[in-house]
Amino acid sequence: SSPDRMDAIARLAGVVSHDFSNLLTVILGHTDMLLDVCQDNEAMRGSILEIKNAAESGARVTSDLLAISQRQSLRPAPVDINAIVRNLSETLCQIVGEQIDVRFDLALDLPLVEVDALQYERVLRSIAVHAREVMPHGGRLTMATTIERHANHANVVLRASDTATHTQS
């Protein structure tokens, strides 16, 4: 049926865009390192900036494709937020680059949370991209998980803070 076919296409688009996004993250991380190394070579810097601009454009297209696929097929499931952060930690460090120190302060024994894991990963990557943009000359990004207990419920919270803006999300 047509809805099943559209759902399958959305899932495929999500998987492909997620994998492609990871590749672009590596490319962007390496272009930033090359730009630091080639400060005195304008010709080389121009070529590297072209690669970086193309990769950033590809990342935007990939992000849009991923967003469309997720809107069509959200897959919330019980997940361990800390496991998602740990599994993505190397990618997050690549996104921000070597000039930014990334720290993780993950609370023990968090309950599972009902979220779409791919969408949550996208949020974490967006936080890292934002940190890279607001701290081009370095700083620290801290991601911390906690549990906030209330009278009749508890919330699992991820706080992201950076030294450039002193903001929390």
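Source: prediction; values computed, not measured.
Linking ILVMFWY side-chain heavy atoms closer than 4.5 Å, directly or via other members, places V129 and I51 in two distinct hydrophobic clusters. Linking Ile, Leu, Val, Met, Phe, Trp and Tyr residues whenever their side-chain heavy atoms come within less than 4.5 Å places L110 and L88 in a single cluster. In the hydrophobic cluster analysis, where Ile, Leu, Val, Met, Phe, Trp and Tyr join through side-chain heavy atoms closer than 4.5 angstrom, V123 is grouped together with L92.
Evaluation of the side chain to side chain donor-acceptor pair (under 3.5 Å) rule for D101 yields R103 as partners, not counting sequence neighbours. Remark: R149 pairs with no residue by the salt bridge (Lys or Arg N to Asp or Glu O under 4.0 Å) rule, at least two apart or across chains. Listed by chain and number, the residues in a side chain to side chain donor-acceptor pair (under 3.5 Å) with S21 amount to none (sequence neighbours excluded). Partners of Q94 according to the side chain to side chain donor-acceptor pair (under 3.5 Å) rule, which considers only residues two or more places apart in sequence or in another chain, do not exist here. When the side chain to side chain donor-acceptor pair (under 3.5 Å) test is applied to E133, no partner is found at least two apart in sequence or on another chain.
In this structure, the side chain of T163 does not engage the main chain of G139 through any donor-acceptor pair within 3.5 Å.
Residue pairs meeting the salt bridge (charged side-chain N to carboxylate O under 4.0 Å, His left out) criterion with at least one member in residues 23-39, sequence neighbours excluded, are D32-K52.
Of all heavy-atom pairs between L112 and D80, the closest is CD2-N, 3.7 Å. For the residue pair A55 and I27, the shortest heavy atom distance occurs at CB-CG2, 3.9 Å. A pairwise comparison of heavy atoms in D116 and L118 identifies OD1-N, 3.0 Å as the closest pair. In plain terms, the two heavy atoms of C38 and M44 that are nearest each other are SG-CG, 3.6 Å. Across every non-hydrogen atom of V96 and A131, the tightest pair is CG1-CB, 4.3 Å.
Interatomic distance, L106 CG to I84 CD1, rounded to the nearest 0.5 Å: 11.5 Å. Rounded to the nearest 0.5 Å, atoms CD1 (I127) and CG (L141) are 7.5 Å apart. Between the CE atom in M33 and the CG atom in L28 there is a gap of 11.0 Å [rounded to 0.5 Å]. With rounding to the nearest 0.5 angstrom, the CD atom of E42 is 8.5 Å from the CG atom of L49. To the nearest 0.5 angstrom, H130 atom NE2 is 13.5 Å from I95 atom CD1. Note that OG1 of T146 is 9.0 Å distant from CG of N155, once rounded to the nearest 0.5 Å.
Under the 4.5 Å side-chain criterion, counting only non-hydrogen atoms from C-beta, D105 is not in contact with T145. In this structure the side chain of M143 reaches within 4.5 angstrom of the side chain of L124, judged on heavy atoms. Within the 4.5 Å cutoff, no side-chain heavy atoms of I147 are placed close to those of V157. Counting heavy atoms from C-beta outward, V102 and S89 have side chains that stay 4.5 Å or more apart. Between V113 and Y120, the closest side-chain pair of non-hydrogen atoms is not below 4.5 Å. V115 is listed as a side-chain neighbour of I81, based on a closest heavy-atom distance under 4.5 Å.
Counting heavy atoms of neighbouring residues, nucleotides and ligands inside a 6.0 Å radius, atom CZ of F104 exceeds 12 of them. Other residues, nucleotides and ligands contribute more than 12 heavy atoms inside 6.0 Å of the CD atom of Q99. For H137, the NE2 atom sits in a loose shell: 12 or fewer heavy atoms of surrounding residues, nucleotides or ligands are nearer than 6.0 Å.
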Working note: E50 + R45, criterion salt bridge (Lys or Arg N to Asp or Glu O under 4.0 Å); need CA distance, chi angles, decisive distance, verdict.
CA-CA 9 Å; E50 287 295 322; R45 284 182 62 80; over 6 Å; no
